[in-house]
Structure formats: structure tokens, C-alpha cells
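Note that these values count all heavy atoms, side chains included, but never hydrogens, waters or copies made by symmetry.
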Amino acid sequence: MSTWEVRSECTPRCAAHAAPRVPFTETARRCAAFARAAGRALRDGERMAEPARLRAHARAVLASVGVRLVVEAARDGVGLAVPYGAGSAVPHGADAAPASQARPGTLVVANHISWLDIPALLAVEPVTLLAKREVGDWPLVGTLARRAGTRFIDRAGPRQLPTAVAGLADLLRSGRSVAAFPQATTWCSVAHGAFRRATFQAALDAGAPVRPVTIAYEQLGMPSTVAGFLGDEEFLSSVRRVVGARGLTVRVTVHPPLLPHPGAHDRRTLAALARAAVSRTVREPVRYAPGACRVGAAPAPDQALGTYL
């Protein structure tokens with residue numbers, strides 16, 4: 001393991017149903033619907049990356065497995081309360097760029113729990129995703145990720161980090177908005193996992209705003225860990241659990257943007273502010289599966305790495 005990879009104390013045992021499973025017939029129907037949704041996305045080929053198509057495919061994937069999407073805007077006192085969507089990548093006020101100058105994109109940073117986080121984000125705003133290189137080699141998921149325009153990062157060693165940060169900064173300068181998971185691995189709930197700082201350096205270098213986003217899962221209104229894609233779990237194992245989940249909702253809370261100023265802010269400050277915004281006012285699951293992790297627990301020395309970057 002390289003010095004900048006992250007180990008999570010969360011394992012597949014952290015993922016548990018908070019409500020009775022749906023009947024087998026509904027599970028089978030969802031599996032078939034998921035296969036059809038993935039097939040339609042694959043048949044779109046390179047056109048899948050077009051924003052309208054990407055959003056539609058992402059929403060279709062969520063609907064196929066019975067996941068309800070709820071999007072809400074938070075006004076939590078951090079940054080400016082700018083509505084997410086049209087114009088969300090544009091700083092306002094005295095520091096806004098002149099009309100003749102290209103404005104940078106927005107760095108969207110979110111906590112990371114599940115593979116469902118990705119269609120949930122894309123269903124809200126079809127941004128460019130950042131993922132570790134290994135994801136591109138996964139069956140089905142890797143193909144979909146490549147066609148969605150995902151940018152892959154080689155996390156083989158710390159020498160790759162400056163190149164990755166520079167590439168992300170170039171994307172932001174070009175006006176492209178990018179979504180990243182700065183926890184660098186998946187955790188079973190919002191309360192887990194610190195934000196790594198390297199991603200935020202790219203925002204500083206590009207003069208780009210940072211948009212914190214909270215992703216949380218509920219079943220029938222109760223916080224749930226059932227969507228977790230954790231440790232060394234196989235993708236299909238997580239899919240089977242999700243399609244059997246009753247009343248599963250993914251709640252995407254969009255926070256006001258952080259508008260960094262080089263010299264006044266550094267990446268440590270930005271990471272701390274974004275993490276604080278993401279974890280604010282989130283209800284955590286009360287019960288965990290037997291042997292599940294606890295907030296603040298020390299990582300197990302032999303714990304497998306998580307999933308996406």
C-alpha cells in the first residue's frame with residue numbers, strides 16, 4: 001500500500017437492512033430493470049457523456065433498483081447560499097471573473113458510502129467524476145464510468161500526486177466542474193472518514209469554488225447502512241443487498257459553496273470547512289450489524305481498501 005492510500009475500518013458487516021426486505025419477486029424485477037438500465041446506457045456509447053443523457057441514465061439506474069432520490073439545498077452559514085444547478089460554478093460578487101475571462105468549474109466534494117453515490121450525484125448535476133484507475137478495469141462499472149467521461153487517477157504511489165492535482169486543476173480552469181470523494185475510500189455513514197487535502201489544492205490553484213455535498217441513505221425514513229459498498233466486498237454482492245432493500249432513499253444535500261482565496265485560505269482549511277459542512281445536521285444510523293465499526297474506532301491493521309477514490 002502506498003503512503004497516501006487510505007484504509008477504512010468499515011467492512012461489509014457494517015451494511016445492514018433497517019427495514020424488512022422486499023419479496024423475492026420484487027427483487028427479481030429490480031434485477032431485470034437494473035440490467036435493462038445498464039444496457040441502455042451502454043448502447044448509448046460515447047453519447048452517454050452528454051449532460052442530459054448522463055442525468056437521465058443516472059436517474060434510470062436509481063429507479064431500476066427502487067432507490068428514491070431526494071435533493072435539498074442547505075443554508076448552513078458556510079460560503080454563499082447559491083442555488084445548485086445553473087450558475088452553480090460561478091463565484092458571485094466582487095470576486096467574480098470578468099465576462100471576457102473564462103470562469104473555472106466547481107469542485108464538488110462529497111462523502112462516500114456506496115457505488116450508488118455516483119448515480120446520485122450525476123442525477124443531480126452531470127459533472128466529470130474523479131475515480132481511481134482500478135475502477136476503469138471493473139466489469140460493466142468500468143465501461144460505464146469510461147463512457148460517462150470519468151477521469152481516472154493512478155494512486156500507485158505519492159509521486160503520482162502532483163500530476164493528479166495538476167490535471168484536476170487544469171480541468172477546473174477549463175470550466176469543467178468535477179466531483180471527487182476526498183475521503184479516498186468508502187465508509188458506512190457520513191460521520192466516518194476525514195477529507196484528504198490534495199483535492200482542495202487543485203481548487204486553490206485553479207481559483208475554483210468548492211461545493212460540499214452530503215450523501216445519506218434512509219429506509220422508510222430511518223437512517224440506514226444498507227447501501228454501503230465497503231472493504232473487499234464484491235460489486236454484485238452490494239447490488240443484491242440494494243435491490244432487496246425496502247423503501248431506500250438517497251438524500252443529497254447541497255451546501256453553499258466555499259470561495260477560496262489563495263493566501264487567505266489553504267487546503268487544510270478548505271478540507272476542514274468542507275468536511276464540517278458535509279457532516280452537519282445528518283442523522284446517523286442508531287444500530288449497526290454485529291461486529292460493525294463505530295465512530296472513532298481505530299482502523300484494523302489488515303483492513304482491505306475501499307472502493308472508489
Side-chain angles (χ1 to χ4, degrees), residues 4 49 51 54-55 73-112 117-118 121-122 124-132 148-153 160-184 194-215 252-278 308-309:
W4 57 292
L54 192 53
R55 180 186 283 112
R75 292 182 177 270
D76 49 20
V78 179
L80 300 176
V82 180
Y84 193 56
S88 63
V90 181
H92 291 261
D95 297 304
S100 59
Q101 180 180 339
R103 294 185 174 96
T106 295
L107 176 64
V108 178
V109 292
N111 62 295
H112 205 10
D117 300 347
I118 291 175
L121 282 177
L122 294 178
V124 178
E125 183 103 345
V127 294
T128 298
L129 286 167
L130 206 62
K132 67 180 183 180
T150 300
R151 296 299 181 97
F152 298 104
I153 291 181
Q160 303 296 325
L161 186 56
T163 301
V165 171
L168 176 54
D170 287 342
L171 268 179
L172 293 168
R173 287 191 195 98
S174 74
R176 299 279 293 274
S177 291
V178 180
F181 300 106
Q183 289 171 314
F195 276 12
R196 302 299 293 271
R197 292 174 229 143
T199 306
F200 298 91
Q201 185 61 52
L204 282 169
D205 293 345
V210 177
R211 174 79 74 170
V213 172
T214 302
I215 302 174
V252 178
T253 304
V254 182
H255 299 273
L258 306 171
L259 307 177
H261 298 275
H265 304 98
D266 58 21
R267 61 185 182 178
R268 181 190 297 271
T269 302
L270 280 179
L273 287 173
R275 186 68 181 96
V278 165
Y308 296 85
L309 174 65

Residue pair [X] / [Y]: nearest heavy atoms and the distance that separates them:
X    : Y    : value
P256 : A74  : CD-O, 3.1 Å
P182 : A110 : CD-O, 3.6 Å
P209 : P260 : CA-CD, 4.1 Å
R173 : A206 : CG-CB, 3.7 Å
A277 : T214 : O-OG1, 4.0 Å
A49  : G149 : CB-N, 4.3 Å

>> Would the distance check show the side chain of Q183 and the main-chain N or O of H112 forming a donor-acceptor pair, the cut-off being under 3.5 Å?
In response: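 Answer holds: yes.
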> If only atom types and distance count, is the side chain of R211 paired as donor or acceptor with the main-chain N or O of H255 below 3.5 Å?
Replying inline: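 At least one qualifying donor-acceptor pair exists.
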Roughly how far, to the nearest 0.5 Å, is the [atom2] atom of [Y] from the [atom1] atom of [X]?
X    : Y    : atom1 : atom2 : value
L258 : L273 : CG    : CG    : 5.5 Å
T269 : L204 : OG1   : CG    : 9.0 Å
L54  : L129 : CG    : CG    : 7.5 Å
S177 : L171 : OG    : CG    : 10.0 Å
N111 : R275 : CG    : CZ    : 6.5 Å

Heavy atoms, side chains only, cut-off 4.5 Å: are [X] and [Y] in contact?
X    : Y    : result
V127 : V178 : no
V109 : F200 : yes
L168 : D205 : no
F181 : I118 : yes

